Amino acid sequence: MYRQILESIQGIEIYPVMSFVIFMIVFVLISYKAFRMKSSSVEELSYLPLEDNHGNIKK
Amino acid sequence: MAMETFSYDNKIVRNFAFATAIYGVVGMAVGLLVALQIFEPAANLGSQYTTFGRIRPLHTNAVIFAFVGNGIFMGVYYSLQRLCKARMFSDVLSKLHFWGWQLIIVSAVVTLPLGLTTSKEYAELEWPIDILITVVWVIFGINMIGTIMKRREKHMYVAIWFYLATFLTVAMLHVVNSLGLPVSLFKSYSVFAGVQDALVQWWYGHNAVAFFLTTPYLGLMYYFLPKAANRPVFSYRLSIIHFWALIFIYIWAGPHHLLYNALPDWAQSLGTVFSIMLIAPSWGGMLNGLLTLRGAWDRVRQDPILKFMVVAVTAYGMATFEGPLLSVKSINALTHFTDWTIAHVHVGGLGWNGFLTFGILYWLIPRIYQTQLYSVKLANAHFWIGTLGILGYAIPMYWAGLTQGLMWKQFTDEGFLQYPIFLETVLQIVPMYMFRAIGGGIYLIGAIVGVYNLVLTARQGTLLAEEQASAPALVADTEPDTAKNVYGHRWIESRPVQFLVATLIAVTIGGVIEFVPAFLIKSNVPTIESVQPYTALELSGRDIYIREGCNTCHSQQVRPFRSETERYGEYSKPGEFVYDHPFLWGSKRIGPDLARIGDKYPDAWHYNHMIDPRSMSPGSLMPPYPWLADQSIDLSIIGKKLSVMKTLGVPYSDEEVSSAADNTMAQAREISEGLAASGINVESDREIVALIAYLQRLGTDLKAQRVSDNKQYKPKPYVRRGY
């Protein structure tokens with residue numbers, strides 16, 4: 001029943017296709033950007049949380 | 001470059017940490033109480049205020065928003081200051097945020113047992129509290145973004161991205177899903193009805209899991225796991241892909257909560273496909289967490305903090321693998337409405353959220369109290385007790401879910417349901433319910449041991465309320481070519497505003513594409529001619545059904561399977577729910593589906609069943625509702641209810657609105673006279689009468705249509721509308 005209702009909405013079949021296309025574009029773009037990062041900068045950024053020293057900790 | 005000195009606010013972190021610990025124990029204790037009630041109804045303490053339907057939402061709200069919520073803020077306030085090399089933006093906002101959030105929790109603790117609820121899962125709180133949540137959330141956002149703006153570290157570390165996405169998306173979800181029209185100070189109706197309401201609710205419900213229980217905790221994982229392991233995250237590149245893929249895909253997957261329900265096929269498929277795709281970013285994140293420990297596994301053996309974190313990340317991996325599997329339609333057909341779902345969420349809740357929270361607490365409390373953990377042995381004990389608790393909880397629930405799901409679908413060789421009596425399938429799994437309570441109890445004991453250890457740790461140290469730090473000021477980019485030099489993802493990492501916009505776009509696309517067609521349908525849903533609005537009395541009864549949380553145990557959604565149509569009747573159609581503000585499809589069947597309960601039993605059966613369920617169905621685990629026979633229907637508000645419904649598009653006439661109270665009593669008298677004929681004397685203004693009217697209405701409109709199709713349609717003996 002619902003299939004019929006949805007078929008009556010114009011252009012409904014484009015929605016699932018659109019979803020997938022948008023996702024793939026975003027995914028490929030982000031992956032490309034991520035892998036294009038310089039190794040040195042990646043290293044520097046991944047050490048950000050470890051930068052602050054906890055001088056006050058009695059270890 | 002000039003060094004600036006400043007101090008980190010540890011007091012606010014301490015406050016949130018204490019709140020986390022306290023509400024953790026409270027929320028789990030309430031969970032244990034509801035777990036006991038499932039197999040021993042007398043555990044409702046004989047009071048309406050502590051009966052399952054009302055305190056099960058208290059449990060979920062307490063653990064999600066009080067325990068995990070405070071845990072998020074604890075971790076964010078600690079890590080954000082250090083990652084930004086800046087104190088929180090405003091101490092006043094920090095305090096307002098803390099006390100505002102505690103006020104919300106206290107409001108929930110008061111209103112939910114009173115039965116003041118919208119019935120929407122994890123969004124049960126009524127509209128004044130919803131507004132308070134919005135205000136406090138915005139305060140949190142301003143404080144967080146303000147801190148980021150005045151940071152002394154140019155780049156925002158991956159944890160901050162997750163915090164920002166959390167803030168933005170939760171705000172959007174909360175506002176859209178809570179849209180309602182107030183009837184009174186503590187009663188409102190959702191602006192959405194039926195299918196639309198269901199879609200919005202599970203877009204919210206699913207993403208509450210995604211953006212309240214997952215993304216902020218991933219942010220915490222990306223900060224605290226490297227901290228505890230004292231080594232950087234395995235792959236920063238992977239974390240970039242993890243972040244964007246996760247927030248982009250998560251938002252689409254909501255419809256997997258409504259598979260085989262009265263929802264468009266394409267939306268169901270979309271939910272399934274995106275759920276399966278979710279495995280990739282989820283496992284990317286999990287592996288990124290686990291591989292951070294590469295070369296440090298020897299430390300995991302000795303350090304209880306790392307043990308907690310490893311199990312947490314593993315539980316995240318298991319739950320995010322299981323979730324997509326449960327979204328496959330053929331698997332969902334078996335597991336939906338069963339305890340499998342309960343097992344699934346508790347692997348995530350107890351394992352991922354619970355263990356990561358405790359890991360962080362064990363790491364953080366000694367540091368801000370300038371001391372060492374009071375007892376590493378106790379922390380290790382907590383770890384093993386907790387792990388045993390998770391297993392003791394999850395295994396019986398998987399067993400129960402699978403057993404009951406199979407029993408519901410089992411046919412005899414002759415083609416009849418093998419277990420036609422729903423109760424049979426419940427009684428079969430009662431031992432599993434008992435084991436589950438034991439498992440949950442063990443986990444709670446572990447949590448209490450943990451809190452004890454943390455309190456003693458705090459007592460042996462002194463709080464370093466103001467932690468001094470220094471860092472060079474951030475020099476603004478004045479040269480135009482700087483931006484060019486930093487290309488790619490690093491560019492956006494140092495631009496919070498652009499980052500927020502990109503995140504907003506990523507999370508909005510999914511929502512928009514999902515909703516637009518769904519709302520186009522509104523004008524296209526074939527109105528089933530015989531589906532009429534509820535009478536005033538039935539609407540009152542429906543509100544009692546909502547107040548008592550009947551929907552926590554009973555679905556109103558017959559799926560299109562032979563095993564369900566045989567058991568309950570015709571499968572549910574979207575057109576049946578057009579006047580349902582809010583929808584009451586439910587998500588779990590502890591009791592049978594009620595979509596077709598109308599006219600199945602006489603009124604007297606319902607009366608006796610409400611007063612003492614075991615008198616009508618021996619062995620039933622439903623709690624008794626004797627107070628319904630003592631409390632009167634609130635006639636003062638019924639006209640307003642109809643008028644609000646009318647505003648929302650339910651076709652009540654002005655005459656029906658103005659004479660709502662009279663109509664209520666007229667129909668109620670008819671029912672009480674009928675009951676009197678069966679030897680039951682009850683005043684006609686009692687709540688039980690309204691509830692019976694509502695239950696007897698459920699599903700009857702569709703039957704009326706079928707008769708009409710056969711050209712034998714005769715109006716029911718009593719006039720439903722317009723007394």
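In this text the structure is predicted, and so the values were computed from the model without any measurement. Reminder, nothing fancy here: chain letters follow the sequence lines and each chain counts from 1.
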Exercise. Aromatic ring centroids of Phe162(B) and His242(B) under 6.0 Å?
Worked result: yes
Problem set entry | Side chain / backbone / both / neither for Gln468(B) at chain A, heavy atoms under 4.5 Å | neither
Exercise. Measuring heavy-atom distances to chain A, does Ile241(B) have an atom under 4.5 Å in its side chain, in its backbone, in both, or in neither?
Worked result: both
Problem set entry | Derivation of the side-chain hydrogen bond (donor to acceptor under 3.5 Å, both in side chains) call for Ser79(B) and Tyr163(B) | CA-CA 10 Å; Ser79(B) 60; Tyr163(B) 302 158; 2.7 Å; yes
Exercise. Between Glu43(A) and chain B, which part of the residue has a heavy atom less than 4.5 Å away: side chain, backbone, both or neither?
Worked result: neither
For this session: Could you tell me whether the side chains of Thr292(B) and Arg231(B) share a donor-acceptor contact shorter than 3.5 Å?
Result: no
Seminar exercise, completed: The interface call for Phe248(B) against chain A, heavy-atom contacts under 4.5 Å, is side chain
Problem set entry | Proximal component of Phe27(A), with respect to chain B [non-hydrogen, under 4.5 Å] | side chain
Problem set entry | Within the 6.0 Å centroid threshold, strictly below: Phe243(B) and Phe499(B) | yes
Exercise. With respect to chain B, which residue among Val26(A), Leu48(A), Leu45(A), Val42(A) yields the maximal number of heavy-atom pairs within a distance under 4.5 Å?
Worked result: Leu45(A)
Exercise. Quick one: are the ring centres of Tyr8(B) and Phe6(B) less than 6.0 Å apart?
Worked result: yes
Exercise. Side chain, backbone, both or neither: which part of Ile240(B) has a heavy atom under 4.5 Å from chain A?
Worked result: both
Exercise. Salt bridge or not for Arg82(B) and Glu467(B), using N-O below 4.0 Å?
Worked result: yes
